[in-house]
Amino acid sequence: MTEKQKRYLILGSLALAVALIYSSYHFYLFLWYSQRGEQYWSVLPMTPGYASTIWARLRELADGYLRIADVSLFEYRNGLTTLHPLLNPFLYYPLYLIGGLRGVMPLADAFFAAITFALLYKIAHLLTGRFFLAAPFASIFVMVRDLPFMLLPRSMNAVKDLVKVFLPVSFPGDSRNRLNFLTMESVKPGFVIFGPFLIFVFLLLKSERRKYAVLAGVFYGLLFYTYTYYWIYGTIVLGIIFLSSLLRRKYRTARYSTISLAIGGGISLYYWMTYFAAQRLPWIETYLNRTGWIESGGHQFRTSQWFFYIVVVVLLVILYRYCKARARMFIFDFLAVLLIAGVVGLNIQVFTGTNVQPVHWYLRIIFIPLALSFLMCAQCVFERVEKKGLGRPLTVIVWILALSVLGGSASDAYAFAKIRFHTFEQPTGVMPSVLWMNEHLPRDAVVLTPIPYSSELFLYYTPAKIFLPKAAGTMAGEDEMIERLFILYSLYGIPASTLDAELRNDTLAQTFIQRQFPATHMALFDYLYFQQFYSQALDASINIVPGADAPPGLKVDQIVSSYGAYPFDISDLGKKYKVDYLYLGPLEKEISTADFDEMPDLEKVYDVDGVRLYKIQKTEAVPPRT
């Protein structure tokens with residue numbers, strides 16, 4: 001076996017190990033539930049709340065259409081779910097080849113983990129040219145996203161966390177520092193596009209060839225359909241390359257960077273069409289506020305930025321001296337552009353007065369250039385050690401650390417699955433009814449339920465659309481969302497006192513703490529308003545203050561008062577909004593007082609283990625909006 005074949009074998013083994021470790025979390029859940037004789041397939045990933053952004057999209061990919069009733073669904077911020085038609089041909093058939101939706105979770109984790117590892121390795125190898133540095137780096141980084149921040153500990157607890165990362169055991173109860181690369185909505189599937197963009201930008205700076213400018217432009221354009229921060233960062237990166245090239249009279253690079261920007265701009269046209277269409281909606285500001293684009297009213301400036309600035313300056317000095325001594329200034333150019341673009345991104349709110357969630361720049365963007373810069377520092381250290389004849393022992397140590405991180409991550413996957421096993425536990429009869437719905441409901445059916453958790457469940461596991469829009473994923477205005485809420489609560493006979501309790505986060509927070517497992521009760525106010533009433537105090541997005549995101553009492557009072565005066569008549573059901581089925585399970589029965597067997601125009605189509613599904617016979621729904 002040649003040296004090249006050995007390296008491919010090692011890389012393939014590492015990619016497979018990474019894929020299995022990330023997907024094993026779900027397989028543990030599948031195994032344990034099957035041992036209990038339950039047909040249950042995990043919908044929630046390792047971090048709460050993430051399911052609402054990715055797994056509903058994967059279900060859309062499997063079914064091939066948008067799923068929030070007749071309300072247009074947005075992908076993240078300011079753009080329609082345009083990633084959907086782009087990825088559908090690549091994921092639609094594989095999903096069904098492995099058994100449809102039941103394979104989505106492990107398939108997605110395995111696929112994106114392996115691809116992410118491969119992209120990280122490629123970038124690292126382009127920078128270092130050393131297999132034994134690039135492969136361990138990719139293995140560690142894909143498991144420990146926060147490692148670049150942990151390498152500069154500022155307390156003894158931070159030192160302990162750093163040590164624990166490299167131990168091959170799990171520490172139950174500790175904050176999770178491993179298996180966190182793929183838990184952010186931006187990374188999966190966004191990094192599959194962001195990674196190649198970085199690669200082609202590097203090759204453009206290295207070779208100044210047109211084909212790399214074209215490829216960088218193509219992937220830059222595709223970034224518009226992944227995640228807001230990616231395309232903003234990509235624009236800053238290409239802009240810095242253009243300006244710096246002009247200042248240094250590298251006109252060829254400047255010209256090629258304009259080609260990248262032009263190609264990306266052309267590909268992004270559909271995104272901007274939907275963006276400006278959204279801007280014409282009268283409630284667009286409300287929508288932006290409830291999805292995280294919070295107007296701060298001032299120039300928010302995080303103290304943690306200053307530490308980042310110091311790190312960037314130190315790294316730039318080290319990288320400049322290292323690259324200049326080895327006549328590899330294209331590496332410095334690449335990393336300098338990425339680091340400076342990170343500084344610019346963090347300060348967007350300083351110039352615009354808009355807080356675009358500075359924490360997201362750290363956890364989605366900045367950790368990547370930091371990690372690559374530290375890798376080059378490691379390269380510098382290795383070269384010095386190698387001159388002293390200690391290169392082989394250091395290589396062995398690096399590989400031991402990488403394999404130890406993989407072992408500890410595998411242990412964490414088991415521990416996290418065990419900890420969250422009961423989180424997924426459903427009342428008797430719920431999952432069989434959901435699986436029945438998946439087999440028997442038509443793809444355009446709208447199912448009514450007043451329980452936010454049930455709405456989430458239907459999105460993942462059935463072809464049904466949901467009636468109650470979710471704040472983070474709908475372009476419906478507040479008036480429509482509240483009217484739909486009133487229709488649901490009136491139909492189910494839910495008293496105003498229950499609505500009042502469900503809307504107050506303080507009450508629900510205490511309930512959640514007391515009933516942490518299972519977490520089948522989602523906060524209704526968060527479901528309807530998401531981040532609209534989050535605190536905008538300095539660093540509030542990092543330092544969670546109890547009650548900081550509590551709903552305004554007057555707001556709740558107004559909603560409850562309006563509900564009491566809402567003139568609902570069951571004969572009006574379906575005349576304004578599309579409705580098809582009514583779901584009554586154990587969670588619904590906890591708050592519902594209605595007797596659906598006595599209501600007209602309802603046909604019971606499912607009644608097993610205390611769960612009932614009624615088909616609404618006479619509806620005169622308006623056609624879906626475009």
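Nothing fancy with the numbering, it's 1 onward along the sequence.
- No side-chain heavy atom of V405 sits less than 4.5 Å from a side-chain heavy atom of L401.
- In this structure, V192 and L119 approach most closely via the heavy-atom pair CA-CD1, 4.0 Å.
- Here the side chains of Y220 and T235 are in contact, with some heavy-atom distance below 4.5 Å.
- For the atom pair CG (L261) and CD1 (I241), the distance works out to 8.5 Å, reported to the nearest 0.5 Å.
- Using a 4.5 Å heavy-atom threshold, the side chains of K211 and L203 count as separate.
- In this structure, the side chains of T395 and L133 stay at 4.5 Å or more apart for every pair of heavy atoms.
- Using a 4.5 Å cut-off on side-chain heavy atoms (C-beta onward), I10 and W399 make contact.
- In this structure, the ring of F181 has its center no less than 6.0 angstrom from the ring center of F117.
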Could you go through the ring pair (Phe, Tyr, Trp, His ring centres under 6.0 Å) check for F149 and F367 one step at a time? CA-CA 7 Å; F149 308 119; F367 74 104; 7.1 Å; no

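- Under a 3.5 Å cut-off, the side chain of Q5 and the backbone N or O of T2 do form a donor-acceptor pair.
- Looking only at distances, a side-chain donor or acceptor of T116 sits under 3.5 Å from a matching main-chain atom of F112.
- Side chain of S260 to main chain of A213: a donor-acceptor pair is present (N/O by atom type, distance under 3.5 Å, no hydrogens or angles).
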List the steps and the verdict of side chain to side chain contact (heavy atoms under 4.5 Å, CB included) for V311 and F307. CA-CA 6 Å; V311 171; F307 182 73; 3.9 Å; yes

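- Residue pairs meeting the ring-ring contact (aromatic ring centres under 6.0 Å, His included) criterion with at least one partner in residues 312-334, sequence neighbours excluded, are F202-F330, F202-F334, Y320-F332.
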Take I331 and M376 through the side chain to side chain contact (heavy atoms under 4.5 Å, CB included) test and state the conclusion after the steps. CA-CA 9 Å; I331 292 179; M376 292 308 300; 4.1 Å; yes

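- Within a 6.0 Å radius of CZ in R248, more than 12 heavy atoms belonging to other residues, nucleotides or ligands are found.
- Considering all non-hydrogen atoms of both residues, L162 and M150 come closest at CD2-O, 3.6 Å.
- Taking the six-membered ring where the residue is Trp, the centroids of Y230 and F197 are separated by 6.0 Å or more.
- Partners of F242 according to the ring-ring contact (aromatic ring centres under 6.0 Å, His included) rule, which considers only residues two or more places apart in sequence or in another chain, do not exist here.
- Rounding to the nearest 0.5 angstrom, the gap separating the CG atom in L319 from the SG atom in C377 is 5.5 Å.
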Side chain to side chain contact (heavy atoms under 4.5 Å, CB included) assessment of V398 paired with F132: CA-CA 8 Å; V398 170; F132 64 85; over 6 Å; no

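- For the pair I232 and L223, the minimum side-chain heavy-atom distance is 4.5 Å or more.
- A donor-acceptor pair is defined here as one N or O able to donate and one able to accept, closer than 3.5 Å; such a pair exists between the side chain of S404 and the backbone of F166.
- A salt bridge does not link E386 to R392: none of the charged side-chain nitrogens sits closer than 4.0 Å to a carboxylate oxygen.
- Ring centroid separation for the pair F200 and F219 comes in under the 6.0 Å cut-off.
- Across Q379 and T128, no two heavy atoms sit closer than the pair NE2-O, 3.1 Å.
- The two residues A135 and L11 come nearest to each other via the heavy atoms CB-CD2, 4.1 Å.
- Here CG of L316 is found 13.5 Å from CZ of R321. Values are rounded to the nearest 0.5 Å.
- Taking S411 as the reference, S170 meet the side-chain contact (heavy atoms from CB on, under 4.5 Å) condition, with sequence neighbours excluded.
- Side-chain contact check for T253 and E208: at least one donor-acceptor pair (N or O, by modelled atom type) lies under 3.5 Å.
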Going through the distances and angles, do L14 and L406 end up as a side chain to side chain contact (heavy atoms under 4.5 Å, CB included)? CA-CA 9 Å; L14 288 173; L406 291 176; 3.9 Å; yes

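- In this structure, the separation between OG on S268 and CG on L222 is 10.0 Å, given to the nearest 0.5 Å.
- The closest side-chain heavy-atom distance from Y256 to S245 is not below 4.5 Å.
- To the nearest 0.5 Å, the span separating CG on L375 from CZ on F382 amounts to 12.0 Å.
- Of the possible polar contacts, none joining the R178 side chain to the D412 backbone as a donor-acceptor pair under 3.5 Å is found.
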Worked check of ring pair (Phe, Tyr, Trp, His ring centres under 6.0 Å) between Y414 and W32: CA-CA 11 Å; Y414 175 84; W32 295 336; 5.6 Å; yes

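- Atom-to-atom distance recorded for I21:CD1 and S409:OG is 5.5 Å, nearest 0.5 angstrom.
- Nearest heavy atoms, I263 versus G217: CG2-C, 3.7 Å.
- A 4.5 Å side-chain heavy-atom check between R252 and R209 finds every atom pair outside the cut-off.
- The backbone N or O of L338 lies less than 3.5 Å from a partner atom in the side chain of Y233, making a donor-acceptor pair.
- Shortest non-hydrogen contact noted between Y22 and V142 is OH-O, 2.6 Å.
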